[in-house]
K.L.:
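Structure provided below as structure tokens; questions to follow.
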Amino acid sequence: MVELAIPGDNIDQRVDDSTVFGPGIYQVPLGRPLPSKAGIIQSSTKRGHQVLYVDSNSKRYIPAVKDHVIGVISGKHSEGYRVTLQDHSPPIRLGQFAFENATKKNRPNLNIGTLVYGRVVAAEKDIEGEMECFDATTGKAAGFGELKGGYVFEVSLAYARELLFKNPRILSAIGESVSYEIAIGVNGKIWIDAPDNKTILKVAQCIQASQDIPTSQVDDHVTKYLSGKN
């Protein structure tokens, strides 16, 4: 059953104490979760927790707290950096200490144009957003931080959410054939790294072309792309 949501709808019946909220759902401290945009409510399971988010056809990414994002350092200032998450969108802040083990004597010195992977931690209307590149609950990088080398490309926001939250067959099928690293941002950016440039390009093309491939055809699709027979 398809469940439509509009901003302000009551979704309490879909929520328990372990629920993680993804894009399109906003929750103030001690308040109830509310859809922040219109779309279809989607639910998936990730690391043993229910993930609830609103899926829509929007082409413009609007930052939301806890979103995993890939951005480009577009400015530097005395307290850190500004990061652009999508073309023609306002940048968000990235503090100089928002990294694993960062101190005054040990902090990254990132150049403009550097790719970073992190999580949105502040996204209030009319106030500059903020992200961090470590897991604040553990103090560890947890996969966040500077993305060195590799290749970044863009997909639709809906497809990025599917890859991140639903863990479709395409990602594991590629991993069974080649060794690769991947970072997925719900802002529609995907970063790929692999042992050589040829493999990086094939994996990226395979993922881009798989959006409308039925699950039953994924393995054949991956084989064709990675063998160069597509």
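If you're wondering where the values come from, they're calculated on a predicted model, not measured in any experiment.
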K.L.:
List in chain and number order the residues that pass salt bridge (charged side-chain N to carboxylate O under 4.0 Å, His left out) with Asp220, two or more places apart in sequence or in another chain; answer none if no residue qualifies.
P.N.:
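So Asp220 forms no salt bridge (charged side-chain N to carboxylate O under 4.0 Å, His left out) with any residue.
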K.L.:
Is it possible for you to say whether Val121 and Ile62 belong to one hydrophobic cluster, with membership spreading through side-chain heavy-atom contacts below 4.5 Å?
P.N.:
no
K.L.:
Hey, does Asp67 have a side-chain heavy atom less than 4.5 Å from the side chain of Tyr61?
P.N.:
yes
K.L.:
Identify which one of Glu162, Gln211, Arg161 satisfies the side-chain contact (heavy atoms from CB on, under 4.5 Å) criterion when paired with Ser156.
P.N.:
Gln211
K.L.:
For the residue pair Ala173 and Asp219, what are the closest heavy atoms and their distance?
P.N.:
CB-OD1, 3.7 Å
K.L.:
Just by distance, do the side chain of Thr138 and the backbone of Lys140 share a donor-acceptor pair under 3.5 Å?
P.N.:
yes
K.L.:
Before we go on, tell me: are the rings of Tyr117 and Phe144 under 6.0 Å apart, centre to centre?
P.N.:
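Yes: the rings meet the under 6.0 Å criterion.
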K.L.:
Between Leu157 and Val186, is there a side-chain heavy-atom distance shorter than 4.5 Å?
P.N.:
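SC-SC contact between Val186 and Leu157 ruled out.
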K.L.:
Of all heavy-atom pairs between Ala194 and Thr199, which one has the smallest distance, and what is that distance?
P.N.:
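Looks like CB-CG2, 3.7 Å.
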K.L.:
Under a 4.5 Å side-chain heavy-atom rule over Ile, Leu, Val, Met, Phe, Trp and Tyr, are Val222 and Ile213 clustered together?
P.N.:
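In one cluster: yes.
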K.L.:
Measure from the side-chain N and O atoms of Asn187 to the backbone N and O of Gln86, and report whether any donor-acceptor pair falls under 3.5 Å.
P.N.:
no
K.L.:
What are the two closest heavy atoms between Ile92 and Met131, and how far apart are they?
P.N.:
CD1-CB, 3.6 Å
K.L.:
Can you tell me how far apart CG (Leu226) and NZ (Lys202) are? Round to the nearest 0.5 Å.
P.N.:
7.0 Å
K.L.:
Indicate the atoms forming the closest heavy-atom contact of Ala160 with Gly185, along with that distance.
P.N.:
CB-O, 3.5 Å
K.L.:
Tell me the closest heavy-atom pair linking Leu94 and Ala98, and the distance in Å.
P.N.:
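Nearest pair, atom of Leu94 first, then Ala98: CD1-CB, 3.9 Å.
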K.L.:
Is there a side-chain contact between Val83 and Val116 in this structure, where contact means two heavy atoms from C-beta onward sitting under 4.5 Å apart?
P.N.:
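In short, these two side chains touch, coming nearer than 4.5 Å.
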K.L.:
Could you work out, with salt bridge (charged side-chain N to carboxylate O under 4.0 Å, His left out) as the rule, every residue matching Glu79, not counting sequence neighbours?
P.N.:
none
K.L.:
Are side-chain heavy atoms of Ile184 and Leu171 found at a separation under 4.5 Å?
P.N.:
yes
K.L.:
For Asn109, what residues pass the side-chain hydrogen bond (donor to acceptor under 3.5 Å, both in side chains) criterion, not counting sequence neighbours?
P.N.:
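Result, side-chain hydrogen bond (donor to acceptor under 3.5 Å, both in side chains) vs Asn109: Lys76.
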K.L.:
Atom CG in Leu110, atom CG in Leu115: separation rounded to 0.5 Å?
P.N.:
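Here the interatomic distance stands at 10.5 Å.
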K.L.:
Hey, are the side chains of Leu163 and Pro168 touching, using non-hydrogen atoms and a 4.5 Å cut-off?
P.N.:
yes
K.L.:
Who passes side-chain hydrogen bond (donor to acceptor under 3.5 Å, both in side chains) against Ser89, sequence neighbours left out?
P.N.:
none
K.L.:
Taking all atoms of both residues into account, what is the closest heavy-atom pair of Ser210 and Ile207, and its distance?
P.N.:
OG-O, 2.9 Å
K.L.:
Determine whether Phe99 and Glu132 make a side-chain contact, defined as any pair of heavy atoms from C-beta on separated by less than 4.5 Å.
P.N.:
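Of all side-chain heavy-atom pairs linking Glu132 with Phe99, none is under 4.5 Å.
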K.L.:
Run the numbers on Ile174 and Tyr180 for side chain to side chain contact (heavy atoms under 4.5 Å, CB included), then give the verdict.
P.N.:
CA-CA 8 Å; Ile174 293 173; Tyr180 77 108; 3.5 Å; yes
K.L.:
Does any non-hydrogen side-chain atom of Thr114 lie less than 4.5 Å from one of Glu146?
P.N.:
yes
K.L.:
Do the side chain of Asn101 and the main chain of Asn106 share a donor and acceptor less than 3.5 angstrom apart?
P.N.:
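No: the side chain of Asn101 does not pair with the backbone of Asn106.
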K.L.:
Calculate, to the nearest 0.5 Å, the distance between atoms CG and NE2 belonging to Asp212 and His221 respectively.
P.N.:
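These two atoms lie 10.5 Å from each other.
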K.L.:
Is any side-chain heavy atom of Ile170 less than 4.5 Å from a side-chain heavy atom of Cys206?
P.N.:
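A side-chain contact exists here, since the closest heavy-atom pair is under 4.5 Å.
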K.L.:
Would Tyr81 and His77 count as a close aromatic pair, with their ring centres under 6.0 Å?
P.N.:
no
K.L.:
Which residues pass the salt bridge (charged side-chain N to carboxylate O under 4.0 Å, His left out) test with Glu128, not counting sequence neighbours?
P.N.:
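By the salt bridge (charged side-chain N to carboxylate O under 4.0 Å, His left out) rule, Glu128 matches Arg82, Arg93.
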K.L.:
Would you be so kind as to tabulate the donor-acceptor pairs closer than 3.5 Å made by side chains of residues 147-154, with sequence neighbours excluded?
P.N.:
unit_1	atom_1	unit_2	atom_2	d
Glu154	OE2	Lys189	NZ	2.7

K.L.:
Report the C-alpha distance between Ile200 and Asp193 in whole Å, list the side-chain angles of each, state the deciding distance to 0.1 Å, and finish with yes or no for side chain to side chain contact (heavy atoms under 4.5 Å, CB included).
P.N.:
CA-CA 6 Å; Ile200 291 174; Asp193 198 13; 3.6 Å; yes
K.L.:
Would you give the length of the straight line joining atom CZ of Phe134 to atom CZ of Arg119, rounded to the nearest 0.5 angstrom?
P.N.:
8.5 Å
